[in-house]
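Please read the structure below before turning to the comments.
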Amino acid sequence: MHWDIPGQSQRPQNLSAFHGRFDDFSTILPASVTGFKAAAAPPPPEEEEEADEEETEDLGHADTYAEYKPSKSNIGISHPDIVVETNTLSSVPPPDITYTLSIPDRTVSSGLLSALQLEAIIYACQQHEVILQNGQRAGFLIGDGAGVGKGRTVAGIILESFLKGRKRALWFSVSNDLKYDAERDLRDIDAPNIPVFALNKIKYGDMATSEGVLFATYSALIGESQAGGQHRTRLKQILDWCKPNFDGVIVFDECHKAKNATSTKMGKAVLDLQNKLPRARVVYASATGASEPKNMIYMSRLGIWGQGTPFKTFDDFLHAIEKRGVGAMEIVAMDMKVSGMYIARQLSFSGVSFRIEEITLDEQFKLVYNKAARLVRETQTATLGLASRKSLWGQFWSSHQRFFKYLCIAAKVRRLVEIAYTELQQGKCIVIGLQSTGEARTREVLDENDGHLDRFVSAVVLNLRLLGKIAELGKELPLNTLDELIDRFGGPEKVSEMTGRKGRVVRRPDSSVRYETRAEQGLSIDHVNIREKERFMTGEKLIAIISEAASSGISLQADKRVQNRRRRVHMTLELPWSADRAIQQFGRTHRSNQVTAPEYIFLISELAGERRFASIVAKRLESLGALTHGDRRATESRDLSQYNFENKYGTKALDKITKAILRQIDNKVPPPKGYPGGDIMFFRGNCFPVSYIFVFKKCMQTDWLSFIPYIPDCSITKFLNRILGMEVHHQNSLFQYFTDNFDYLINKDKKEGKYDMGILGECVSEINVISVDRGMPWEEACSKAEKLTGDYEGFYLSNKLRGNQPCVLLAEQGRGRNFILYKPNIGKQAHPENLDNLLLRYYKVTPDEAKDFWESQFVFSFTNCTHANWKGKCKMIEQGQECFLGMRLRQYHMLCGALLRVWKRVLVLCSRVTYYYRSWCKQAFICLFISPKDENNIYVFVSGIKIPENCVSRVRTELLRMDEEVKKARREREKLANEKHMQQEMLAKMI
């Protein structure tokens, strides 16, 4: 197939309706390609720098989503809410449907299972009909996000299996409380007769249940009985219940909890269970299960690695994926969908709103915080001689992290309560998200006082026990956040608490304080959270507080079926480092079948870059359709990958700032501006704090610069946590220096074409020749210019002639003093230009003065490189080579389709032929935006592996050979199957 993008005559006239499409053509080009420039002589240094800026690729992977509708399944009623899918996945079709569903028509026609849930059930059951080459039954991965309805989908798969005569199923999840949700999901799809048994309520030797769903937690898989007996372990008990040749359903819900399967006992048990039940119908369900390749190790039934695949072991697969980055993982996800083993949708955040509430730290709090930071540092210095005792350091850093985390959270309590009361007065209800409860400290105080307690407890004092000097600081520390919040809101009678703690400190009517258990009469502690959820959903209580550990799977949205339909205001005191984890948390209040979408409020302080992480989550919410109350211009960039610090750029940046501060290297990145005393004081002032963050293997001495060479024991995660233990001004300046270096490294790799951009697009099962015109015609430039009204907006010509004419561009006001540039040969320039630099090299002109130059350069650059314009000829062309520098029209050979199966061979083949293999490998996965394909201006997306020109014929030959190998293997399998069938028929006749 050949897609060609014609020149100006066939371009759509109104490109403004497709902002971000044609403008993004520059993102597909190698960094060696520069913009349209002309010069009579080799360019001076400033022009070389300008060339870099012009052609620097904006290669960040943007999360964009498309509305999701089942494409091959036509049964069922539409889902009650808008559901979206990443453009990457939406561009590839699932396989044709061959499976016939047995679920009753009344369940389908009544909408108990929506169309998209039925689609997932069909594909799961269809995949379960496949037997892998290792003899195990193929599995299916449901990657739907929170709120889409994974529970009903899983219940539907179990119901389908029961209707086919398979009356036993296993359902694993993260909490015993979710057993009641499993029962609810089965009831909701009109399958109440399928019983659900909790494994934790069954004795080790008792397996009286014969049919139904056995519900267990992952931790139960490694349970052992101290009494011994026939069923000494839960795993043995489960296997005996399943019996040999078990072919029922095994559901691994929230299956990312089984990650690190080779290094944890729980993970090994998950793999062991799958290996010992080879014919079981395995379903993996997790919104984040396929986000990182290393977490897929427990998904052995997907058939991506192992016998009959390009990857003999999981380690081979992991190495191949991690070496090639984000684009490779997306290729895997696309291949999995095409193969029918994966489906992943998310609830649109359309209708959701959010805002960021910044908490200003008062001077008193800063004083306490800085005093605590100095105290902790003194304690560390005093114990450096015990550095070899790993257990001591583990306790130290664990206590350190908890202490400063609680201190940061406590600073926001007063403002949170004020906002909550305001929202309640407006007819809304409140959900407050916490990461932890601080119960450990409360129980310690109880033990110290023989079970008596007459005051609220500070959650942070326990940590200072390890550090000493409690007396001076202890009186100034804040109270336990959770207890203080409940007290400020009027006590447990007003607040639904859904956490994992067993007791709490409450204030009596006479203002005295006591400790009480959360268990209620007639209810075990396991049922308390369920009861509290009911009180919130009925409107008996209008404030809910949930912890991350206890809220997994809890639904708190304004459901159409409940009494409390007030709009939820979900406030978070602490954002996790990961945007994905934050979205998962918000899934508690944003789910299907809701009356109103929630409002999110992020409470952030000025500490440790909280503002930056809040912006990350905000951008992810916006990309999912949420609306902000703030400035829309602040979210122009959707490149979330640049804010993920836990990658190679974060590691390099951390290494650079450490060496720079310890004076081991000269760093090109300057320190943050405005530091008291200037750059010299920045490096001197942060020398001690940096040594505090890292644990050096050399003994620390008075001279902090004597630790060369240093061997740090600190990852990015540790750095982000430990930096909280620095004084406020130190941590803010050091974090800024880290992010400046982080951004510098990414921009450097973008300029050199080494940045991993990820992919978006459509797969076609062949090599496609794709022509891309990235230029901007005069009509489009003139139309855009007519809408510009700023003093410095408009057309510009360069001060220096390039060849026999100046360079022309169009400048549009960006953020601050930055301007977005458009040029005739490359369209939108990836990076903005500072106004001072723009005025230094260009002067403003009228549209009439710019027109001839624009049209001339637009036409010339269609088939000519920049060198031809500068010097009248190009040495590379004269030598018989190709040169695309600054050209409008570019051609690519793209290998599209189910790439995972052919990936390894193609890469090996191209590495033998292509002398620039490393550079090619890093740019192999690219994104192409093609022109509208019809009168409705619907875009065609293509993505895949970019094949170098000199490798195309060899790749085609290899693909034909591989295709013949597959056909030959299929014929052999069919022959063996026929022979086996004939033997069985003959045996039956003899009997």
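These values consider heavy atoms only, across backbone and side chains, with no hydrogens, waters or symmetry-generated copies.
- Put simply, CG on Asp655 and NZ on Lys652 are 10.0 Å apart, with the number rounded to the nearest 0.5 Å.
- Between atom CG of residue Leu214 and atom CZ of residue Arg168 there is a gap of 9.5 Å, rounded to the nearest 0.5 Å.
- Under 4.0 Å is where a charged nitrogen must lie from a carboxylate oxygen, and between Lys975 and Glu972 no such pair does.
- Two residues are said to be in side-chain contact when any heavy atoms from C-beta on lie closer than 4.5 Å; Ile297 and Leu318 fail this criterion.
- Under a 3.5 Å cut-off, the side chain of Gln346 and the backbone N or O of Gly145 do not form any donor-acceptor pair.
- For the residue pair Arg301 and Arg279, the shortest heavy atom distance occurs at NH2-N, 4.3 Å.
- Listed here is the closest heavy atom pair of Ser161 and Gly248: OG-CA, 4.4 Å.
- Not one N or O on the side chain of Asp272 forms a donor-acceptor pair closer than 3.5 Å with the backbone of Lys268.
- A distance of 13.5 Å separates CD of Glu254 from OG1 of Thr217, quoted to the nearest 0.5 Å.
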Would Ile343 and Tyr68 satisfy side-chain contact (heavy atoms from CB on, under 4.5 Å), going step by step from the backbone distance to the final call? CA-CA 11 Å; Ile343 200 164; Tyr68 183 86; 3.7 Å; yes
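- Contact detail for Lys265 and Ile222: the closest heavy-atom pair is O-CG2, 3.6 Å.
- Closest of all the heavy-atom pairs between Arg345 and Val83 is CB-CG1, 3.3 Å.
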Would Thr153 and Ile142 count as a side-chain contact (heavy atoms from CB on, under 4.5 Å) here? Give the steps. CA-CA 9 Å; Thr153 302; Ile142 302 173; 3.8 Å; yes
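- To the nearest 0.5 Å, the span separating CH2 on Trp171 from CG on Leu199 amounts to 15.5 Å.
- Between Tyr123 and Pro95, the shortest heavy-atom distance links the atoms OH-O, 2.6 Å.
- Inter-residue side-chain proximity for Phe252 and Leu273 is flagged as met; some heavy-atom pair is nearer than 4.5 Å.
- Using a 4.5 Å heavy-atom threshold, the side chains of Gln126 and Ile97 count as touching.
- Atom CE of residue Met299 and atom CZ of residue Phe314 lie 9.5 Å apart, to the nearest 0.5 angstrom.
- Residues Arg281 and Glu129 are paired through a salt bridge, judged by an N-O separation under 4.0 Å between the basic side chain and the carboxylate.
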Decide side-chain contact (heavy atoms from CB on, under 4.5 Å) for Tyr218 and Val270; before the verdict, give the C-alpha distance in whole Å, the side-chain angles of both, and the deciding distance to 0.1 Å. CA-CA 8 Å; Tyr218 289 106; Val270 170; 4.1 Å; yes
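- Under the rule for a ring-ring contact (aromatic ring centres under 6.0 Å, His included), Phe140 has no partner lying at least two apart in sequence or in another chain.
- The shortest non-hydrogen separation linking Pro70 to Ser73 is CB-O, 3.7 Å.
- Side chains of Leu89 and Tyr342 form a contact here, defined as non-hydrogen atoms less than 4.5 Å apart.
- Under the 4.5 Å side-chain criterion, counting only non-hydrogen atoms from C-beta, Met341 is not in contact with Asp335.
- Taking 4.5 Å as the limit, some side-chain heavy atom of Leu277 sits within range of a side-chain heavy atom of Ile250.
- Here the options are His128, Gln127, Glu160, the test is side-chain contact (heavy atoms from CB on, under 4.5 Å), and the partner is Tyr99; only Glu160 passes.
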Could you please spell out the steps behind the side-chain contact (heavy atoms from CB on, under 4.5 Å) verdict for Ile238 and Leu221? CA-CA 9 Å; Ile238 291 170; Leu221 267 177; 4.0 Å; yes
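- Leu302 places a side-chain heavy atom less than 4.5 Å from the side chain of Tyr284.
- Of the possible polar contacts, one joining the Gln274 side chain to the Tyr298 backbone as a donor-acceptor pair under 3.5 Å is found.
- For the atom pair CD1 of Ile122 and CD1 of Ile157, the computed distance is 11.0 Å after rounding to the nearest 0.5 Å.
- Asp247 places a side-chain heavy atom less than 4.5 Å from the side chain of Arg137.
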